[in-house]
Amino acid sequence: MFASVIVSVSSNSVDRLFTYKIPDSLVDTIRVGHRVFIPFGNRDIQGFVIEIKETADIDVSKVKEINRIMDGTPVLTEELIQLSKKIASYYVDRQISVIEAILPVALKTKSKTILKLSEHAGNEATVLFNELQKNNEVIVRNLDKDELKKIVPFMKSKELIEETIIAQHTKKKTNRAVRSLYTGNMPSERAVKQRELLEWIESEDAPITLLRIRDAGYSVQLVDALEVKGLVERVDVIVDRDPYDTRVFFESERHTLNDEQQIAYNKIKDAMIENRQETFLLHGITGSGKTEVYLETIEHALNKGKEAIMLVPEIALTPQMVHRFKARFGDDVAVLHSALSHGEKYDEWRKIKEGRASIAIGARSSIFAPFKNIGIIIIDEEHESTYKQGERPLYDARQVALWRAAYFNCPLILGSATPSLESYARSEKGVYKRLELKHRAKAQPLPETTIVDMALSRQEGNISIVSDILREKIIERIEKNEQIILLLNRRGYAHFLLCQDCGHVPMCPNCDISLTYHKSNGTLMCHYCAFETPVPNKCPECQSTAVTFRGSGTEKVEEILRDMFNTEVVRMDIDTTRNKGMHETLLSHFVEDNIPILLGTQMIAKGLDFPNVTLVGVLNADTTLNIPDFRANERTFQLLTQVAGRAGRGDKTGEVIFQTYNPDHYAILDAQMNRYIDFYKKEMEYRKIARYSPYYFHVLFTITSENFNHCVKASHDVSTKLLEHISNQSIVIGPSPSPIERIKNKFRFQILLKYRHEPALLEILEQLDQRYYVAYKKSGVSLRIDVDPQFIM
DNA sequence: AGCACGCCGACT
DNA sequence: GTCGGCGTGCTC
């Protein structure tokens, strides 16, 4: 017996099947989808069985034997194998890369070569070995060039023996921690903080995690200082993992569906009963109780003995939401999201695969949940761009959901208060069945929205980021003990630094973007690469001291609000939620301690349901409007509508303020009046004229290189190739420099292909991909092909 | 001649 | 991705 195996090597040249002999001992156990350990070239690697067959299709003398299977049961089903092929082909990527995206990272292996001392090693080899070894072995990967060179002769003479081992991705969860190396000499008298910290570390038996150190108010720099002095060292410690174990969930009482919800549910249920693949667009205004419909639908699937997948945007994967599902379905729910460690994700994945959970809830990649009998797939907030993966493989979970639903003959629900234009257009055409929820579930009125013209506010003498109207409303709420959510879509302290004398703005040396000032760590940071530099006190160009901060970010506004209202503020942005669990901690702090103001970036716009929030303010409704992307209007409309929906979800009526410099823009006006259809029509008109999605399909080509000329040349080459092969109804825009012309020291050019019908497209894309796969190695030019891009940047 | 280096093709 | 084979060209 033989097996067709796809090997775990990400290279175009091996993205095909290799035939291996199945050893007699495995003939009875091995199945399609098994992970196997195989000899490949001169090393041993991992692969996946794609097919089992009687005969080999190549010369048997070339065929090697599978070493062993790596798991008791197959990790991939037939369906997932087919799916991986489909995704690889549609998004122009390698099947192995897709398979690796489908499986939890814990199943990826890292091999490492270690050296050991041979029995007949001479003195010289022993000395060298002792010099390089750690734990009685030398890890080749960790050696530098010179060290490698020294080793080679001994390896050839077999004085050192080498061995390749496969290391699983961490199964145990580790955290960085600090251990004392204290031997009696303290840091100097003046280094008070250092002494304090060292004493603490010294007093504990076990290493203290950096997390605890930071929580206790010591900076990482202090640890660095102690480390430099050789008084402490950093180590990894193993910590327990139990994402939701310790919490108790109570059976939640079931809400009865209202008429609208019942009608929607019945339609979906009928499709489920008939095993019909039908896509429903559940268009329900914020607070209309879409989740109730989801819960009922999932329950119905479970009663039929089937499974359910529910996707939510990462930011909506709040404890609040998880709690609701856990309360209803208990342990039947597996939750997958980015805050989990590799090991935790692997645990949840196994729950699904082994049938211990029938519901998978999670972000984008949960669409790959290894179920065998899916009865319903739900995508909540379907308009969110997070369903499209931003790195390779560049798949869109909405598209994958369609494919999986088709395979299982089950309905797919796309839910949103502000459906993407694509989905709504399909519902208009009858491709999707539209279901409407037009009323808020608890019959609360939608909040009243006021638009504040900030230009006018400035003319009237208020240059603050908080307009008079908003300030009054905030004071009012604080007095009434009600809560406020403020949205500011810009993190950091100041957007950029400006020299008032020469107009100089410090830029990132690696990217064409201004540096953002972060006050908390006193640095200028680039939001596109990791560049960080201390804030200059003089203009680096003209030495003037008249440098000012411009464009307020959340960090600064937090200060302003504290001063202005003399109150506590909870700030939520990437910077305050970077550490695990902070998201949850900040939100419960806001709710339980009844903090008056929650200030945040767009992560606070979605899914939060706080009854005591009666005022929502958008400090600058324009930030998303000015982004050079054809979806900028749509995103602005969606964001404003979503965030406005956070107000007045309890018994008290809500109120919303949009501060803007574009008070007449239809995206803002329609969001104010909650006119989805009006917005849809106007935006469709624009898309039609400008020939954008949904009228056209897109492929975005991004060409990057450190060498400007290579970049330009390759860009023209790509556009020439495209123009040669596509029909004359398609449009090629560019090449043009990307909106950010340089990121991480690489020049960027882009080409946008717009087409309606292009039968040979796949072939052209594959050719281009192949061509630039080769080109990249030669001249360092890379081509990224993004099919159905979400961002044209 | 001896070897460092980069390119290319093969890997079942 | 990684390795080895091979040709080019530099140095002793």
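A, B, ... follow the sequence lines: proteins, then strands. Residue 1 opens every chain.
- Atom C1' of nucleotide B:dG9 and atom CZ of A:Phe18 are separated by 12 Å, given to the nearest angstrom.
- A cation-pi arrangement is found for A:Arg68 relative to A:Phe37, the charged atom lying closer than 6.0 Å to the ring centre and inside a 45° cone about the ring normal.
- The residues A:Asp512 and A:Arg748 are annotated as not salt-bridged, no charged nitrogen and carboxylate oxygen being separated by less than 4.0 angstrom.
- As judged by a 4.0 angstrom heavy-atom cut-off over every strand, A:Arg16 is placed among the base-contacting residues.
- To the nearest angstrom, P of C:dG1 lies 15 Å from CD1 of A:Ile6.
- Taking the six-membered ring for Trp, A:Phe697 and A:Tyr755 have ring centres closer than 6.0 Å.
- Residue A:Asn42 places no side-chain N or O under 4.0 Å from the OP1 or OP2 atom of C:dT2.
- Counting any heavy atom pair closer than 4.0 Å across all strands shown, A:Ser4 reaches no nucleic acid atom.
- Using a 5.5 Å limit on the distance between ring centres and a 30° limit on the angle between planes, the aromatic ring of A:Phe40 counts as stacked on the six-membered base ring of B:dC11.
- One atom, OH of A:Tyr773, and another, C1' of B:dG9, lie 11 Å apart when rounded to the nearest Å.
- Electrostatic pairing of A:Arg350 and A:Asp347 counts as a salt bridge here, judged by a charged N lying under 4.0 Å from a carboxylate O.
- Going from atom CD1 of A:Ile96 over to atom P of C:dG1 covers 13 Å, rounded to whole Å.
- Within the 6.0 Å centre-distance limit, the rings of A:Phe18 and A:Phe40 are counted as a close aromatic pair.
- Rounded to a whole Å, the CD1 atom of A:Ile38 is 17 Å from the P atom of C:dG1.
- Rounding to whole angstrom units, CZ of residue A:Arg43 and P of C:dG4 are separated by 11 Å.
- What separates CD1 of A:Ile66 from C1' of B:dT12 is a distance of 10 Å, to the nearest Å.
- Side-chain atoms of A:Ser13 come within donor-acceptor range of the base of C:dG1, with a qualifying N/O pair under 3.5 Å.
- With rounding to whole Å, A:Asp15 atom CG is found 16 Å from B:dC11 atom P.
- At the heavy-atom level, A:Val63 lies under 4.0 Å from the strands shown only through sugar-phosphate atoms.
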